[in-house]
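Below is one structure, written out as structure tokens; the observations come after it.
So that the names make sense, note that chain A is the first sequence line, chain B the second, and so on, each numbered from 1.
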Number of protein chains: 4
Amino acid sequence: MTDHPDLAATEAARPQRPRSVRARKAVLDATNELLGEGGLPVATIDAISARSGVSKATIYKHWPSRTAVAAEAFGLRMPSALPLPDTGSARGDFTTQVRLVSEFYASPAGTVFAQLLAASVTDAEAAHFFRTFFLAGRRQAIAELWQRSKDRGEVRSDVDVEVAQDVLFGPLIFRLLSGHAPLTEEQAAQIADAALHGLLTEAGGNGAVGSA
Amino acid sequence: MTDHPDLAATEAARPQRPRSVRARKAVLDATNELLGEGGLPVATIDAISARSGVSKATIYKHWPSRTAVAAEAFGLRMPSALPLPDTGSARGDFTTQVRLVSEFYASPAGTVFAQLLAASVTDAEAAHFFRTFFLAGRRQAIAELWQRSKDRGEVRSDVDVEVAQDVLFGPLIFRLLSGHAPLTEEQAAQIADAALHGLLTEAGGNGAVGSA
Amino acid sequence: MTDHPDLAATEAARPQRPRSVRARKAVLDATNELLGEGGLPVATIDAISARSGVSKATIYKHWPSRTAVAAEAFGLRMPSALPLPDTGSARGDFTTQVRLVSEFYASPAGTVFAQLLAASVTDAEAAHFFRTFFLAGRRQAIAELWQRSKDRGEVRSDVDVEVAQDVLFGPLIFRLLSGHAPLTEEQAAQIADAALHGLLTEAGGNGAVGSA
Amino acid sequence: MTDHPDLAATEAARPQRPRSVRARKAVLDATNELLGEGGLPVATIDAISARSGVSKATIYKHWPSRTAVAAEAFGLRMPSALPLPDTGSARGDFTTQVRLVSEFYASPAGTVFAQLLAASVTDAEAAHFFRTFFLAGRRQAIAELWQRSKDRGEVRSDVDVEVAQDVLFGPLIFRLLSGHAPLTEEQAAQIADAALHGLLTEAGGNGAVGSA
DNA sequence: GATTAAGCGAGACGGTACGTCACGTCTTCCG
DNA sequence: CGGAAGACGTGACGTACCGTCTCGCTTAATC
């Protein structure tokens, strides 16, 4: 939550006891356990409360909804999950990344991701937590990749980084959610190829693949 | 409830018509009303039952879940909503289509679409209905557009139609669901441009834009 | 719980028995058990629901509050608890009745009575149930006693039956609630004597005691 | 909250005054405010703490329960509320007193009185505070009235003062709590008449009213 | 036409989870 | 070092919807 720094500052000025770290951790740990066991549907507030030993009332003091708890919990264990590739070329990096993300989506964790994204649709508070604790980190990392490639002149400079990200990963998201087509490695490669064809410059290796 | 008189009159003319037909129609009409008023969260089985005059038990005889009802109801009013463009060129057709779909997603109906897609994640039965009554029609139409363009040699023949669809519309879906970026006409144009750059041949007008 | 087998048997024989009757009975029985075990504080809706096997939602469909349930349950087992005396004289009848009521108040059931009366103060709905299911029956019976005595000319005809009842039993209630003085048989006799002195005629035996 | 500046100013003059005294006063004042605004249900510990600026922990050091706080607070403002009558005769004094008490019960403060009495039923600690800070003063005053009348020979010497009090005021209490009959001036007069008839001697004016 | 069995409305029901409230205890830190 | 500020576990609250069920009424197909 971006508010935390502010709050910390406010609390520092006001002689307030900082909110318990222990309770927060217990809740997030228990939530991650539950997400692993049965996904979002199983991570009810009652279950989280029972598993963590933290009361429902306290949970609601820290998070606006169960989805917000799940979003934060899920986001916290992600940073290590998807290390950025560095193959030496933009095409290699992004192709690898698309494949990795595709694999992630196809895994049990991907199901949870989809459930959280779905929950964000009808829960604005949760959406905020989801973007903050999960998407923000991911997108930040991809943005670095994009900038690196841009510096090398491998990607189209007239394409916005946000647009690029959506073109690369939106197709995977779409498949993940609607299930209308599989998320195999083969499919991921095809998607990456088509998308990158629209994003790379000739220096990025686009000419060769071109309008074959 | 207000449908009853009308329906009664209609049924009076055809006294032999099976009641199940009337019940189905009443349910779907009521559901569409509710979806229009408050989206999926408001279209509960209880509300649909009350509004339509069809008992919950009967509803469950026809559909596996409330999301399935909503998916079918929503799908039924879609065919007329998005007529296919015919601008004469693949670039024009797809750009127009992406813009139209983007507008649709940004509208109230788009919210319902997102809610249904989200619900499909945790409800396999509903997912089936969603794909059958909503996605299938859309994707069929787009596939025709693709085939037409392919015959003209305007699109890359080595790109699967499914992949093409996901690359074109996946980015929109991603934005719709997570809300991390807006769905304006300007953004839609950028997305269409980037995606099409990866899909069209030189004959499709790609050369000019190319490795700029 | 123990009722279930019996009910099952009963239901097997008469499968048409309305479910609501069974649920009501189960709730009232469970409530009376709980009242007997720990009084009103123990008869929570959750406990009643768990004990009776009837869901909370169903309980709330039948009663407005837990106090209302308790009032009805408690009232149902009262009719047989305090049979009206018939000693042949008004003085005897009322003295006996005051003693019996005093004993009742001093018993565990009296505690529950006090708790219900107390709850009525802040819960208008419960007050209605309390008056209907408990007080009404009691007051009706006493009114008959009063009328009988009045016909014999043993009680002051200018005293309202309601006033008479309150003068006779109000003192007991006061002691029961505030606990400022005991509710022994001796005390009950003194109260009855003082109160009756103000209610009986000379024909009712008041002259002898009179202005002693 | 609004008391703080005033209190601070008051205390500034006497800086050495024990803080606990200030805390007690602040709590009792805040409680009386709350009792006046919404009765016992509103005078929660949290509300009292917030209103008075005294922490919950400190409140619990001085009183065993919120009802005890309320009982003491309520009792403190009572002495001035019901001055004892002196009409010259026992009948006049008691009739007046019954009327005054009846009016009090029928007032908003009477509701609070009832709530406190009710709370005493299930809260022994609170009952003690209630008797100490409210009932004791009242009963002491009435006892004086009784003694005065007894010295004049206007009341039956064989009736215990406790019994007399209960016969006079118990009926009012009963009505106040159960609400089965109104607490109008007319009703108070009838109750006083019936009760006094059982308590006064002929010298107290009982003969005249007698078995009319 | 009369009979009968299915379809249906109405909604009661058990169940799960919700989000809230007040309690009384406990911890932190200020004056 | 007493006390404010308030976090916390606990237990109960009353509500919402779920999906199943029972009950009678209606009605279509059969006799």
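Within the 4.5 Å cutoff, the side chain of Glu72(A) has no heavy atoms near those of the Thr132(A) side chain. Residues Lys25(A) and Leu28(A) fail the side-chain proximity criterion, which asks for heavy atoms closer than 4.5 Å. Here the side chains of Arg51(A) and Asp29(A) are not in contact, with every heavy-atom distance at 4.5 Å or above.
Among the nucleotides dG9(F), dC8(E), dC18(F), the one closest to any side-chain atom of Lys61(B) is dC8(E).
Between the OH atom of Tyr60(D) and the C1' atom of dA5(F) there is a distance of 15 Å, rounded to whole Å. For the pair Asp123(D) CG and dG24(E) C1', the computed distance is 13 Å after rounding to whole Å. Atom pair Arg22(C):CZ and dT22(F):C1' shows a separation of 10 Å (rounding to whole Å applied). For the pair Arg66(A) CZ and dT16(E) C1', the computed distance is 12 Å after rounding to whole Å. When rounded to the nearest whole Å, the span between NZ of Lys25(A) and C1' of dC8(F) equals 19 Å. Protein atom CH2 of Trp63(D) is 14 Å distant from nucleotide atom P of dG24(E), rounded to whole Å.
Near DNA chain F, meaning a heavy atom under 4.0 Å from it, residues 37-59 of chain A has Gly53(A), Val54(A), Ser55(A), Ala57(A), Thr58(A) in order of number.
Heavy atoms of His62(D) sit nowhere under 4.0 angstrom from any nucleic acid atom.
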message: side-chain contact (heavy atoms from CB on, under 4.5 Å), that's the test. Do His62(C) and Ser20(C) meet it? Break it down for me.
response: CA-CA 9 Å; His62(C) 290 303; Ser20(C) 64; 4.2 Å; yes

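Partner of Val27(A) under the side chain to side chain contact (heavy atoms under 4.5 Å, CB included) criterion, out of Thr58(A), Val54(A), Asn32(A): Val54(A) alone.
With sequence neighbours excluded, the residues forming a side-chain contact (heavy atoms from CB on, under 4.5 Å) with Asp123(A) are Ser65(A), Thr67(A), Glu125(A), Ala126(A), listed by chain and number.
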